[in-house]
Amino acid sequence: MFSKKTNELIPEAAKPVKEALVRQFGNPFALTQFPELPTEFGDIPGVVKTVEPTGKDQPLIRFEVTGLTDAYDKLQGLPLEWTSGKGQGQVSRVKEYNFETGMVAVDKSAEIDPQPGDTFLLKCVRLQYGRDLYNRHCMHCHGMSGEGTGPTSRYLNPPPRDFRLGIYKYTSTKPTNKAQVDDLGRTVKEGIAGTYMPSFKLLTDDEVSAIVNYVIWLSIRGETEKKLVDELFLDYSNKAMAERTSKDGGETREEVLEELKDFMEEDFPDTLEFATSSVSDAWEEANLEDALVIPRSARVADTPESRERGRKLYLSEKTKCASCHGPQGRGNGTATQDFWTNPATNEKYPNRGLHDIWGNQLPPRDLHRGIYRGGRRPIDTYRRLFAGIKGTPMPAFGGSLSDEELWDLVNYVMSLPYSENR
């Protein structure tokens, strides 16, 4: 449930990070969502109709409710916040739910005493619906926490996406923006050509929307975790502790822990607030109109002259497309033989091919194959040229090329599968 890097922190640093994540997000089995996140909660109000008598030895309180008939039928584990009665302001977890009878069971507690007429808010219903659909259709590849290491992932090349970085390759947004909800919905519906990501067109729009909502939740949780861990890792990882308390480091374990204690009391609350707010703001901003890549002029007519201008641009020093994709677009440019440095570790790998930020070998696309993973419409190719492909070495040309030049490149690239030297 937690990243490898989180588990490489010393226990005294890892514990508050894990507690903060559980407090803000719960876990995949018991969801929680704090209000600032830009995902659909699906909160549903309900009313207690009748309450079953309970003996002293019974651990649960059972009561019949109204208002949940149109809700999702699997509500176990969800938070139920009391909005009136003795328990007002308290939160229970649903332990049992019978969709047919409307009976709910929660843990018995001195703080609550449900009575007929008491009201409550059942939280994260839609998020749970998305979670269950994700577990059915996506988890076996992408993993329980979206880490990309589900049980079938070892057999797939390219490997499934790790959602926890919040970075998606095929988007309609500008280089620094997250994916839009529609981008992720389109990927779920259409699949990704040339990969093991299938199309889910048989799912309803509502089911696709619920899955996307849950995937965004996984991304926000993962990004928040990364920001918190990055703040602590250099000083409080197991490796850092060993170095600091070594003979050369000159510190004692007690001194390091005292420093960590001060950080947790004085700085960690602000770090957590910044991490969650900056991540949620970024996802919210991605769905604003300003984030969308919209061509500044209409497409240049797809003529031999336009393709020839695009070919010259492709081969030019201005774009350097040929250095990766090769002079004929076969994906065999000189850059494919360079050393690659992992930005997270600064380690160099002398194997052939470029890599993405997840560490996967990433040979440039053979443009003659006609496989367009991010969509085969001209606007899709325009957007990839304008904004690059996030998380990969494919650069953005929106700031250096005019619209006419971008469209000439689109026309040339999309003509290669049909060219004579195919």
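Each residue takes its place number in the sequence, starting with 1.
A distance-only check finds a donor-acceptor pair linking the side chain of Asp380 to the backbone of Arg377 [under 3.5 Å]. Glu225 contributes a side-chain N or O that, together with a main-chain N or O of Ser3, makes up a donor-acceptor pair within less than 3.5 Å. Of the possible polar contacts, none joining the His325 side chain to the Lys320 backbone as a donor-acceptor pair under 3.5 Å is found. Proximity of a side-chain donor or acceptor of Lys123 to a complementary backbone N or O of Phe41 within less than 3.5 Å is not detected. In this structure a side-chain-to-backbone donor-acceptor pair under 3.5 Å is missing from Glu81 to Leu121. At least one donor-acceptor pair under 3.5 Å links the side chain of Trp407 to the backbone N or O of Ser297. Checking side-chain atoms of Asp43 against main-chain N and O of Cys124 turns up a donor-acceptor pair under 3.5 Å. One N or O on the side chain of Glu405 and one on the backbone of Ser402 form a donor-acceptor pair closer than 3.5 Å. Side-chain N or O atoms of Ser280 include none that pairs as donor or acceptor with a backbone N or O of Pro38 at under 3.5 Å. Under the 3.5 Å distance criterion, the side-chain polar atoms of Lys174 are matched with a main-chain donor or acceptor of Asp290.
Taking 4.0 Å as the cut-off between side-chain N and carboxylate O, Asp205 and Lys189 count as a salt-bridged pair. With respect to the salt-bridge test (charged N to carboxylate O, under 4.0 angstrom), the residues Glu190 and Lys201 qualify. Salt bridge absent: Arg164 and Glu223 never bring a charged side-chain N and a carboxylate O closer than 4.0 Å. Between Lys261 and Glu265, at least one side-chain nitrogen of the basic residue sits less than 4.0 Å from a carboxylate oxygen of the acidic one, meeting the salt-bridge criterion.
The shortest non-hydrogen separation linking Leu228 to Ala275 is CD2-CB, 4.1 Å. Of all the heavy atoms in Leu156 and Tyr196, the pair that sits closest is CD2-CG, 3.6 Å. Listed here is the closest heavy atom pair of Arg62 and Ala105: CG-CB, 3.7 Å. The heavy-atom pair separating Pro28 from Tyr214 by the smallest distance is CB-OH, 3.9 Å. Across Trp217 and Leu31, no two heavy atoms sit closer than the pair CH2-CD2, 3.6 Å. The minimum heavy-atom distance linking Asn177 with Ala286 is given by the pair ND2-CA, 4.4 Å.
The cationic atom of Lys5 (NZ for Lys, CZ for Arg) lies less than 6.0 Å from the six-membered ring centre of Phe233 and within 45° of the ring axis.
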So Asp118 and Lys49, salt bridge (Lys or Arg N to Asp or Glu O under 4.0 Å) or not? Walk me through it.
CA-CA 8 Å; Asp118 285 357; Lys49 185 177 179 182; over 6 Å; no

How far apart are the C-alpha atoms of Glu404 and Arg299, what are their side-chain angles, what is the distance that settles it, and do they pass the salt bridge (Lys or Arg N to Asp or Glu O under 4.0 Å) test?
CA-CA 8 Å; Glu404 290 75 14; Arg299 182 186 179 186; over 6 Å; no

Would you check, one step at a time, whether the test side chain to side chain donor-acceptor pair (under 3.5 Å) holds for Arg93 with Thr32?
CA-CA 10 Å; Arg93 285 275 177 186; Thr32 296; 2.6 Å; yes

Could you walk me through whether Arg131 and Asn135 pass the side-chain contact (heavy atoms from CB on, under 4.5 Å) check?
CA-CA 6 Å; Arg131 182 207 68 175; Asn135 287 347; 4.0 Å; yes

Given Tyr168 and Thr187, is the side-chain contact (heavy atoms from CB on, under 4.5 Å) satisfied, shown in steps?
CA-CA 10 Å; Tyr168 297 86; Thr187 298; over 6 Å; no

Mind running side-chain contact (heavy atoms from CB on, under 4.5 Å) on Ile379 and Val410 for me, showing each step along the way?
CA-CA 9 Å; Ile379 185 61; Val410 169; over 6 Å; no

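Aromatic ring orientation, Phe99 versus Tyr97: perpendicular (interplanar angle above 60°, classes split at 30° and 60°). Aromatic ring pairs are classed by plane angle as parallel below 30°, tilted from 30° to 60° and perpendicular above 60°; the pair Phe263 and Tyr236 is tilted. Relative orientation of the Tyr134 and His142 rings is tilted, given thresholds of 30° and 60° on the angle between their planes.
Checked by atom type, the side-chain pair Tyr72/Asp132 shows a donor-acceptor distance below 3.5 Å. There is a side-chain donor-acceptor pair under 3.5 Å between Asp183 and Ser172. In this structure, a donor-acceptor pair under 3.5 Å is present between the side chains of Ser92 and Trp82. A side-chain donor-acceptor contact under 3.5 Å links Asp403 and Tyr382. Inspection of the Tyr412 and Ser306 side chains reveals no N or O donor paired with an N or O acceptor under 3.5 Å. Side-chain contact annotation: Asp113 with Gln115, donor-acceptor N/O pair under 3.5 Å present. In this structure, a donor-acceptor pair under 3.5 Å is absent between the side chains of Thr173 and Gln180.
Remark: Lys239 NZ is loosely packed, at most 12 non-hydrogen atoms of other residues, nucleotides or ligands lying under 6.0 Å away.
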